[in-house]
Amino acid sequence: MKVKKFGGTSVGSAERIRNVGKLIADCKKDIVVLSAMSGTTNSLLEISGAVENNDRKRAFELADALQSKYAATIDDLYTSEEYKAKAKEVIDGIFDELRALTKNNFSVGLEKEIVARGEMMSTNLMNLHLHELGINSVLIPALDIVRIDMHGEPDEAFIRTEAKKALEAHTEADLYITQGFICRNEKGETDNLQRGGSDYTASLLGALLGADEIEIWTDIDGMHNNDPRFVEGTTPVRNLHFEEAAELAYFGAKILHPTCILPARQHNVPVRLLNTMDPAAEGTLIENKLERNAIKAVAAKDNITAIKIKSGRMLLAYGFLKKVFEIFEKYETSIDMITTSEVGVSLTIDNEKNLPRIEAELSQLGTVTIDRDMVIICVVGDLEWTNRGFEAAALEALRNVPVRMISYGGSNYNISFLVRKEDKTKALRLLSYHLFN
Ligand code: ADP
Ligand code: ASP
Ligand code: MG
């Protein structure tokens, strides 16, 4: 059994939905995870934003515009009047729910309810499309099988049990369809796995159900060796170790949700990245195999804040770092990079929500300096410390870029540089030029 996830662009129009339909038509017993049609999640967030601004009129206008788009998709997608009518009934029902939701007062919970409608619509459209083709697909609501705990972490025992139960209840099915991204939380409320979270759903289901492979189908032929949105001439990487892919995803390679490799790695289920626009392309295979002596790819993570704590006294006396870390733990803020010297410690965070409180407490330990709008540039590959020359090559590439921090040796797979936002593109291009040319 395989789990196959198709992203927003892959189901972004009637034509694309038909295309995916062809790709999955003879996938016996596979689980197909779908994102919302591209643009829908953003539109739903805009609707939710209008509710937050108490602008119900705008919320209704936006809902009307989105509904028209779905009406046109339905018209194009189905051939028979019977299926057009069936789809219209389901989608109109979802828009009725959406309008009812917008009458409530805004809350984060309401936003999650609103945004969940995107995946509900795409999966219903696909399921009916397959039925029209005579394929016996069964739609399994993700809200029944995916749950997160009070810390926002997947409740693996629940997912394994409930997903199995749901599949066993439909042994007659040719294939199963479910929503990516959406889930329930420990209180049973509708929640989600954060933006781009459909990849995570697929990886969780594949890992916990012991799939043969997890396929992430998107709009590009696999993981490229640099971010194609900023660098020209990037090329696909054919093989990645789980750790390399996890580092790239976490440090900004948008093709994968930041934490989606973790379950696959833990349960040793290979992940294959494939291109819906070019299904014959080889893509990228992510598994527990390391290609020795190779730098594989570069990625960048935006919106990083660097914090330096400096003290005249013996700063790194034992117990000092513990005090620093406790402050971040208290304010539930995770640290990405860290470097130390005898008089100071620098670290980075990507979530400024609690920064004023963190800064106030850190100030009791030393002088605090904050640099905003920074970017982590992460170089990934076989960076085991006894290999020679790779860190030098990366540093040489960045010779003319001011570097605020360097982190190396934390894992065998990465070296990270902290640079200013305005130097990001230059740094990415220089690294591609020097490392891959
Ligand atoms: P989906 O909607 O299918 O989830 P995403 O937009 O989330 O697709 O991810 C695919 C996009 O990720 C690509 O179109 C590409 O622009 C971007 N991307 C960023 N970094 C990389 C990379 N290293 N390799 C491939 N794609 C990347
Ligand atoms: N639809 C969600 C998003 O746009 C989840 C996903 O596409 O993975 O973020
Ligand atoms: Mg994505």
Side-chain angles (χ1 to χ4, degrees), residues 4-13 16 19-20 23 32-46 48 111-112 114-123 142 146 178-183 191-204 214-238 240 244-261 271 273-278 281 283-284 286 295-302 375 377-381 424-425 428 431-432 435-436:
K4 297 173 179 247
K5 176 260 170 176
F6 294 87
T9 330
S10 302
V11 294
S13 67
R16 295 269 160 82
N19 187 34
V20 172
L23 289 172
V32 174
V33 175
L34 300 182
S35 294
M37 293 178 75
S38 55
T40 295
T41 305
N42 286 344
S43 298
L44 292 169
L45 283 170
E46 224 182 321
S48 163
E111 179 177 282
K112 288 173 173 168
I114 290 176
V115 93
R117 266 61 206 168
E119 270 69 12
M120 291 176 184
M121 293 199 281
S122 62
T123 45
V146 186
T178 192
Q179 295 90 15
F181 176 59
I182 66 176
C183 62
D191 211 310
N192 62 59
L193 302 173
Q194 317 277 334
R195 292 307 302 265
S198 296
D199 302 337
Y200 201 17
T201 304
S203 176
L204 284 166
I214 298 156
E215 292 180 357
I216 307 283
W217 288 80
T218 180
D219 58 359
I220 188 163
D221 51 348
M223 178 74 80
H224 277 219
N225 57 6
N226 206 327
D227 194 322
R229 295 168 298 175
F230 301 97
V231 180
E232 276 175 33
T234 60
T235 52
V237 181
R238 293 300 170 216
L240 283 172
E244 293 175 320
E247 302 262 13
L248 288 168
Y250 186 74
F251 287 109
K254 192 198 169 216
I255 187 169
L256 287 172
H257 174 277
T259 53
C260 82
I261 290 299
V271 178
L273 309 182
L274 292 159
N275 186 359
T276 355
M277 320 293 161
D278 182 8
T284 300
I286 302 164
I295 296 234
K296 294 303 206 39
V298 178
K301 185 172 177 182
D302 300 323
V375 174
I377 306 277
C378 174
V379 177
V380 165
K424 164 180 162 174
T425 305
L428 289 176
L431 284 164
S432 257
L435 299 178
F436 308 128

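Start at 1 and go down the list; that is how both ligands and their atoms are numbered.
- The closest protein non-hydrogen atom to atom 16 (O) of ligand 1 is Arg229 CG, 3.5 Å.
- Proximity of a side-chain donor or acceptor of Thr284 to a complementary backbone N or O of Arg238 within less than 3.5 Å is not detected.
- Residue-ligand proximity, Asp227 to ligand 1, at heavy-atom distances under 4.0 Å covers atoms 19 (C), 20 (N).
- At least one N/O-N/O distance between Glu119 and ligand 2 falls below 3.5 Å.
- The shortest heavy-atom distance from Lys5 to ligand 1 is under 4.0 Å.
- For Ser10, no nitrogen or oxygen atom sits less than 3.5 Å from a nitrogen or oxygen atom of ligand 1, counting backbone and side chain alike.
- Using a 4.0 angstrom heavy-atom cutoff, Gly196 counts as in contact with ligand 2.
- No side-chain donor-acceptor contact under 3.5 Å links Asp221 to the backbone of Asn275.
- Between Met223 and Pro236, the closest side-chain pair of non-hydrogen atoms is not below 4.5 Å.
- Residue, atom and distance of the protein heavy atom nearest to atom 15 (C) of ligand 1 are Pro228 CG, 3.9 Å.
- Atom 12 (O) of ligand 1 has Ile255 N, 3.4 Å as its closest protein atom, hydrogens excluded (heavy atom only).
- The protein non-hydrogen atom at the shortest distance from atom 2 (O) of ligand 1 is Gly8 N, 3.2 Å.
- Summarising the geometry of Val33 relative to Gln179, their closest heavy-atom pair is CG1-C, 4.1 Å, with the distance given to 0.1 Å.
- Ligand 2 places these atoms under 4.0 Å from at least one heavy atom of Ser35: 6 (C), 7 (O), 8 (O).
- With contacts defined as side-chain heavy-atom distances shorter than 4.5 Å, the pair Glu111/Leu45 qualifies.
- For atom 23 (N) of ligand 1, the closest non-hydrogen atom on the protein side is His224 O, 3.2 Å.
- At under 3.5 Å, a nitrogen or oxygen of Thr41, whether backbone or side chain, sits near a nitrogen or oxygen of ligand 2.
- Closest to atom 14 (O) of ligand 1 among all protein heavy atoms lies Asp219 OD1, 2.8 Å.
- Close N/O approach between Ile220 and ligand 1 is not found [any backbone or side-chain N/O within under 3.5 Å].
- Put simply, the side chain of Ile261 does not reach to within 4.5 Å of the side chain of Tyr250, judged on heavy atoms.
- For ligand 2, none of its N or O atoms has an N or O atom of Phe181 under 3.5 Å away.
- Within the structure, the closest approach of Asn226 to ligand 1 falls below 4.0 Å when heavy atoms are considered.
- Ranking protein heavy atoms by distance to atom 6 (C) of ligand 2, first place goes to Ser198 OG, 3.3 Å.
- Residue contact annotation: Gly180 has no non-hydrogen atom under 4.0 Å from ligand 2.
- Under a 4.0 angstrom heavy-atom cut-off, Gly222 registers as being in contact with ligand 1.
- With hydrogens and angles ignored, the 3.5 Å screen pairs no side-chain donor or acceptor of Asp199 with any backbone N or O of Ile216.
- In summary, the atoms of ligand 2 found under 4.0 Å from a heavy atom of Arg195, numbered by their order in the structure, are 3 (C), 4 (O), 9 (O).
- Ligand 1 has an N or O atom lying under 3.5 Å from an N or O atom of Thr218, backbone or side chain.
- Regarding atom 5 (P) of ligand 1, its nearest protein heavy-atom neighbour is Lys254 NZ, 3.7 Å.
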